[in-house]
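This report refers to the structure that appears directly beneath it.
A note on names: the letters A, B, ... follow the listed sequences, proteins ahead of strands, and every chain is numbered from 1.
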Amino acid sequence: MFENIDDALKLFDEMTQRQPLPSVVKFNQLLQAVTKMKHYSCSVEIFKQMNVIRIPVDVYTITIVINSCCQMYHTREGFAALGNGLKHAVLPNVWTFSTLLNGLILEDKIIKAERLFKKLIKKELFEPDTIMYNTMIKGLCKFGINDTAIALLKLMDERGCKPDVVTYTTIIDSLCKVKMVDDALKLFKEMVFHKYIQPNVVTYNSLIHGLCNLCRWDEVSKMLQEMKEEKISPCVETYNILVDALCKEGMVEDANGVIKLMIQRGIDLDIVTYTSLIDGYCLRGEMSKAREVFDSVEIHGVVPNIITYSSLLNGYCKNLKIEDAMHFFHEMIKKDMKPDVITYTTMLQGLFRVGHCKDAYDLFNEMRAHNEIPDGCTYTIVLEGLCNNNQVEEALSLFHLMGDNKLNLDIVVYTILIDGASKSGKIDIARILFNEVSVKGLQLDVWTYNVMISGFCREGLVGEAKKLFYTMETNGCPPDSVTCNAFLQGILKNQQHDFVEMLLKEVEGRGFTLDATTVSLLLDHIKARSLDASLLKLIGKLVPKEGVDAPCFTV
DNA sequence: TTAGGGTTAG
């Protein structure tokens, strides 16, 4: 409708001068056009101006403005607009409240959304329609409350409000995101065969994404075939899901094959396509290829965003090219992109990896100065970075400085500190932290045990390690392959050969395998005759066999 | 003659 926002504002000015004034519909159309251009604050300004010069508004006007407020995460202002409408005798309807409900959900105010939804049902002002139910279901799904979402799906059906493809797709997608793809497929079948609702490309995208995440490639192929039979064309999102899945599996050539298909079929690559590809090359350590793609993005008329930059930074950091990472970090700032928590965390990890602790710590402070609040991941990386760079004391003091917040109650954080303390010879501190875990009401996990057992073995405290090993099962945390390998290595290094055979049988009984380090250590001890050669037969059985399932599908 | 909901990348 408009080339740019100025044209819209010019038209608004002109409309306000006309005698007689254009109808409210004309103003609503203008307001909606501005909103569709995502100039939400402009839309709100126009509405305020309309009020000042007393241009009449109706429920459409109010709903459009509420939507603008909600899209800016200012739902409170949306409610104010609702009040403003009431003052002018504009009665809200199911559209108005769906919009407000959506706003609350955008801001993660699920309790408030639920309360509003229940109030609306109770007051019986109007019966919620499919879209209002869908909005509420989306909110529940966003918080992983899938059971209630499914219950609401059943309820709406009972109350005579027909669910549609969006209702089902919302829940299917949510189930796929928590890897419950089989439940999602069940719901998909219910939708198609019992409710006779046709799936669309979005439904397929959600399922394909879920299947890709579980590496269920055969079923991905089947879904793509099914789409073809149903004459549902894959869209850019469908291709992007495949490109990303292939890149994450390291199959960048195949991802490029999909991209070639996209171009053949006239599908425009977008920034998501390029970002996945960059990430794929980074993952394989092919940084010059990643860089090549990055440089080509703008040539193709696509603008890199903060995620694209973060992917590239992550690639440079993981491949220990911190200078390059720094260069692009500064470049993105120069281009007026504000690094977010993930960007900072990526850089911090890179700096710690190459041992630039001071730079890392400065950046950590810089991030807080820019009001980017470190999350659990950031703290984990900083603590781990300090521990790995022989600064366990600093890590411990930061940990205590964090106080008794959620992070201090994170088993991952504890495990890092226990590992750090024991690796720097502070086994007593490690032991104290280990005991603190249960006191704080946290559940010890297998990784924590593994770290502590390795720590004890490193200090020659095989007795303590053994005691811990045998309490794992009863504490509801049975040893895994890593525990057994770590413990075996500890036993061998401490020349406690009597346990070796028993432990190998344990490995066999639990269906685990030996890792390369353990095998070579075992062989060394057999060569040195400190272990009996008769163990070789058992060891041979415990060496892992190769076998991979690679994706292969035709789009 | 105008308003609300579901899918992809760090």
Side-chain angles (χ1 to χ4, degrees), chain A residues 22-33 35-36 43 57-68 70-71 78 92-103 105-106 128-139 141-142 149 163-174 176-177 199-210 212-213 234-245 247-248 255 269-280 282-283 304-315 317-318 339-347 377:
Chain A
S23 71
V24 63
V25 175
K26 292 286 173 217
F27 280 103
N28 290 344
Q29 284 171 330
L30 178 113
L31 212 51
Q32 178 66 353
T35 308
K36 282 275 164 317
S43 153
V57 299
D58 65 6
V59 64
Y60 288 78
T61 329
I62 298 292
T63 307
I64 296 166
V65 168
I66 290 177
N67 190 29
S68 295
C70 291
Q71 296 299 330
N93 60 18
V94 65
W95 294 63
T96 323
F97 281 111
S98 292
T99 311
L100 281 165
L101 210 53
N102 188 46
I105 287 158
L106 275 174
D129 65 2
T130 303
I131 293 189
M132 185 173 262
Y133 276 109
N134 288 352
T135 308
M136 196 61 229
I137 285 172
K138 167 74 199 172
C141 288
K142 198 174 171 193
D164 65 5
V165 63
V166 176
T167 324
Y168 275 97
T169 302
T170 306
I171 303 177
I172 286 170
D173 184 63
S174 184
C176 284
K177 291 219 161 80
N200 60 23
V201 65
V202 182
T203 323
Y204 279 106
N205 286 347
S206 289
L207 285 167
I208 289 172
H209 194 207
C212 282
N213 280 340
C235 60
V236 64
E237 283 87 354
T238 324
Y239 291 104
N240 283 347
I241 290 164
L242 299 175
V243 167
D244 190 56
C247 285
K248 286 200 165 75
L269 311 191
D270 64 13
I271 192 56
V272 180
T273 329
Y274 288 110
T275 306
S276 290
L277 194 59
I278 290 170
D279 216 43
C282 287
L283 202 69
N305 61 23
I306 180 168
I307 305 182
T308 322
Y309 270 98
S310 298
S311 284
L312 189 68
L313 294 181
N314 185 46
C317 286
K318 292 271 152 69
D340 65 7
V341 185
I342 302 180
T343 323
Y344 277 114
T345 307
T346 304
M347 287 305 296
C377 202

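Put simply, CD1 on A/Ile307 is 10 Å from C1' on B/dT8, counting in whole angstrom units. For the pair A/Ile208 CD1 and B/dG6 P, the computed distance is 20 Å after rounding to whole Å. Distance A/Ile241 CD1 to B/dA9 P: 7 Å, rounded to the nearest Å. Atom C1' of nucleotide B/dG4 and atom CD of A/Gln71 are separated by 10 Å, given to the nearest angstrom. A/Leu100 has its CG atom 10 Å from the C1' atom of B/dG4, to the nearest Å.
Here A/Lys177 lies in heavy-atom contact (under 4.0 Å) with sugar-phosphate atoms only. Among the atoms of the strands shown, base atoms are found under 4.0 Å from some heavy atom of A/Thr130. Among the heavy atoms of the strands lying under 4.0 Å from A/Met132 is at least one base atom, whether or not backbone atoms are also near. When heavy atoms are screened at a 4.0 angstrom cut-off, A/Lys248 is found touching the sugar-phosphate backbone but no base atom. Nucleic acid contact for A/Ile64: sugar-phosphate only, since backbone atoms but no base atoms lie under 4.0 Å from a heavy atom of the residue. Nucleic acid contact class of A/Leu312 (heavy atoms, under 4.0 Å, all strands): none. Base contact: A/Val94 has a heavy atom under 4.0 Å from a base atom. Residue contacts shown for A/Thr170 are limited to sugar-phosphate atoms, with no base heavy atom under 4.0 Å away. Using a 4.0 Å heavy-atom cutoff across all strands shown, A/Thr203 reaches at least one base atom of the nucleic acid. Using a 4.0 Å heavy-atom criterion, one finds that A/Thr99 contacts the sugar-phosphate atoms exclusively. A/Val65 comes within 4.0 angstrom of no nucleic acid atom, judged by non-hydrogen atoms across all strands. A/Thr343 comes within contact range of at least one nucleobase, with a heavy-atom separation under 4.0 Å.
For the pairing with A/Asn240, the side-chain hydrogen bond (donor to acceptor under 3.5 Å, both in side chains) check across A/Thr275, A/Thr273, A/Asn205 returns one residue only, A/Thr273. In summary, of the residues considered (A/Ile62, A/Val57, A/Asp58), a side chain to side chain contact (heavy atoms under 4.5 Å, CB included) with A/Tyr60 occurs for A/Asp58 alone.
At a cut-off of 3.5 angstrom, counting only N and O atoms as typed in the model, there is no donor on one side facing an acceptor on the other between the side-chain of A/Asp270 and the base of B/dA9. Side-chain atoms of A/Ser310 come within donor-acceptor range of the base of B/dG10, with a qualifying N/O pair under 3.5 Å. Not a single donor-acceptor contact under 3.5 angstrom links the side-chain atoms of A/Ser311 to the base of B/dG10. For a distance-only test at 3.5 Å, the side chain of A/Asp340 qualifies as a donor-acceptor partner of the base of B/dG10.
In this structure, a donor-acceptor pair under 3.5 Å is absent between the side chains of A/Asn28 and A/Gln32.
Every residue meeting the salt bridge (charged side-chain N to carboxylate O under 4.0 Å, His left out) condition with A/Asp244, not counting sequence neighbours, appears here in chain and number order: A/Lys248. Residues passing the salt bridge (charged side-chain N to carboxylate O under 4.0 Å, His left out) test with A/Asp164: none are found, sequence neighbours excluded.
You'll find that the side chain of A/Asn305 is closest to B/dA9, out of B/dA9, B/dG4, B/dT7.
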